[in-house]
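Here the structure is laid out as structure tokens; the discussion comes afterwards.
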Amino acid sequence: MFSLEGKIAVITGGGSGIGKAIAILFAKQGATVHIIELNAEAAEETVIEIQQNKGQARGHSCDVSNQNHVLDIFHQIGSVDILVNNAGIAHIGKAGTTSEVDFDKVFAVNVKGAYNALFAAIPLLKESKSPVILNMASIAAVVGITDRFAYSMSKGAIYAMTMSVARDYLEDGIRCNSISPARVHTPFVDGFISKNYAGQEEEVFEKLSKSQPIGRMGKPEEVAALALYLCAEESGFITGNDYPIDGGFIKLNN
Ligand SMILES: NC(=O)c1ccc[n+]([C@@H]2O[C@H](COP(=O)([O-])OP(=O)(O)OC[C@H]3O[C@@H](n4cnc5c(N)ncnc54)[C@H](O)[C@@H]3O)[C@@H](O)[C@H]2O)c1
């Protein structure tokens, strides 16, 4: 079950955290993995790890917010069965404290970046026998989280985009779903804790762990396992849905 043998998977932000875990698992299941990454060095490290385990992978240095560059990379890749729109950045702030520059930056990477990859990949996905798109949303798309104004806006857009794409490409056989993780322990989380809560790292880490009723953060590999299911042919009856992976965050926090 869950074989991706013969499939070509493109994963944005596959150099770190959740995207890296997805890239490694998809390659293990037989996919040829293309990683689209801002951080070329991180992409290369994932590629080397995959190749050392006899998998197929290639890194592409690219900022997903640059449409021409994204189009160029997909043109080079040539054929796509699976697109995982995972690249994203965090931001802390409320509507009244988020600068225009920060708002535009979060929008450019998290929203326009996903659109750019969709725009470039859809013509190629239409040629695939079992095309599938997976978008990385967040519980912030559907729950009001303190100090996450721009980030929540961007993930709400991903949540809505998923349904729109799933609807529009039903006849082309393209399935499209999203995953909404609660806190997952990745460099993304460590990065925003050290940037925004310097000196209180341990305390904030503990607080963020406990905000999941299960009492801990998720692991990137746990998200990758759900991603594999949603991108494999076994989930062929699933489209237009969002899947929380949240340690009980949405329904058990009372
Ligand atoms: N970690 C969490 O708690 C959590 C929770 C919910 C949702 N998410 C979402 O999951 C996704 C992955 O998060 P993560 O925790 O693995 O993050 P991460 O920071 O560990 O990895 C993100 C990767 O995306 C790349 N990236 C950033 N901007 C880019 C750009 N403009 N172009 C190309 N690549 C770019 C980074 O270089 C990095 O390698 C993000 O969309 C994030 O919003 C994460």
Side-chain angles (χ1 to χ4, degrees), residues 12-25 37-39 41-43 45-46 49 85-111 113-114 135-159 178-227 242-254:
T12 68
S16 173
I18 295 170
K20 181 174 185 174
I22 293 174
I24 289 170
L25 181 59
E37 247 298 341
L38 189 62
N39 183 339
E41 226 171 274
E45 278 171 28
T46 309
E49 193 170 331
N85 257 322
N86 164 81
I89 54 172
H91 183 262
I92 308 279
K94 304 182 197 303
T97 61
T98 299
S99 70
E100 186 182 11
V101 170
D102 283 356
F103 183 89
D104 286 348
K105 171 85 183 159
V106 172
F107 188 88
V109 177
N110 294 9
V111 182
N135 296 324
M136 207 51 70
S138 162
I139 45 116
V142 294
V143 176
I145 312 245
T146 313
D147 278 333
R148 298 290 186 282
F149 171 69
Y151 183 73
S152 300
M153 167 281 297
S154 73
K155 294 303 178 178
I158 293 288
Y159 183 92
S178 60
I179 291 181
S180 279
R183 202 78 53 197
V184 178
H185 189 202
T186 67
F188 178 93
V189 170
D190 292 334
F192 85 64
I193 293 180
S194 61
K195 185 172 158 215
N196 297 285
Y197 303 98
Q200 305 164 254
E201 285 90 347
E202 262 179 50
E203 194 185 322
V204 174
F205 188 87
E206 189 67 13
K207 191 173 154 211
L208 292 180
S209 298
K210 297 232 168 84
S211 67
Q212 282 71 228
I214 240 170
R216 65 168 174 89
M217 296 191 195
K219 298 176 193 157
E221 295 73 21
E222 291 171 325
V223 182
L226 179 56
D242 178 66
Y243 290 83
I245 175 161
D246 70 349
F249 189 95
I250 295 176
K251 300 216 166 140
L252 310 182
N253 249 332
N254 55 37

N/O donor to acceptor pairs below 3.5 angstrom from side-chain atoms of residues 187-196, sequence neighbours left out:
{"residue": "Asp190", "atom": "OD1", "partner": "His185", "partner atom": "NE2", "Å": "3.0"}
{"residue": "Asp190", "atom": "OD2", "partner": "His185", "partner atom": "NE2", "Å": "3.2"}
{"residue": "Ser194", "atom": "OG", "partner": "Asp190", "partner atom": "O", "Å": "3.2"}
{"residue": "Ser194", "atom": "OG", "partner": "Gly191", "partner atom": "O", "Å": "3.2"}
{"residue": "Asn196", "atom": "ND2", "partner": "Phe192", "partner atom": "O", "Å": "2.9"}

Suppose we screen for side chain to side chain contact (heavy atoms under 4.5 Å, CB included). Which residues come up paired with [X], at least two apart in sequence or across chains?
X: Phe149; value: Ala95, Thr98, Phe103
X: Ala42; value: Asn39
X: Glu49; value: Lys20, Ile24, Asn53
X: Ala108; value: Ser65

Who pairs with [X] by side-chain hydrogen bond (donor to acceptor under 3.5 Å, both in side chains), at least two apart in sequence or on another chain?
X: Glu206; value: Lys210
X: Ser154; value: Asn110
X: Asn85; value: Asn135
X: Thr12; value: none

Selection residues 136-145 - residue pairs positive for salt bridge (Lys or Arg N to Asp or Glu O under 4.0 Å), sequence neighbours left out: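 Found none.
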With salt bridge (Lys or Arg N to Asp or Glu O under 4.0 Å) as the rule and sequence neighbours excluded, what pairs involving residues 89-110 come up?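 Qualifying pairs, neighbours excluded: Lys94-Asp147.
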Validation: residues 211-219 side-chain donor-acceptor distances under 3.5 Å, sequence neighbours left out:
{"residue": "Ser211", "atom": "OG", "partner": "Leu208", "partner atom": "O", "Å": "2.8"}
{"residue": "Gln212", "atom": "OE1", "partner": "Arg183", "partner atom": "N", "Å": "3.2"}
{"residue": "Gln212", "atom": "NE2", "partner": "Leu208", "partner atom": "O", "Å": "2.8"}
{"residue": "Gln212", "atom": "NE2", "partner": "Ser209", "partner atom": "O", "Å": "3.2"}
{"residue": "Gln212", "atom": "NE2", "partner": "Arg216", "partner atom": "O", "Å": "3.3"}
{"residue": "Arg216", "atom": "NH1", "partner": "Glu222", "partner atom": "OE1", "Å": "3.1"}
{"residue": "Arg216", "atom": "NH2", "partner": "Glu222", "partner atom": "OE2", "Å": "2.8"}

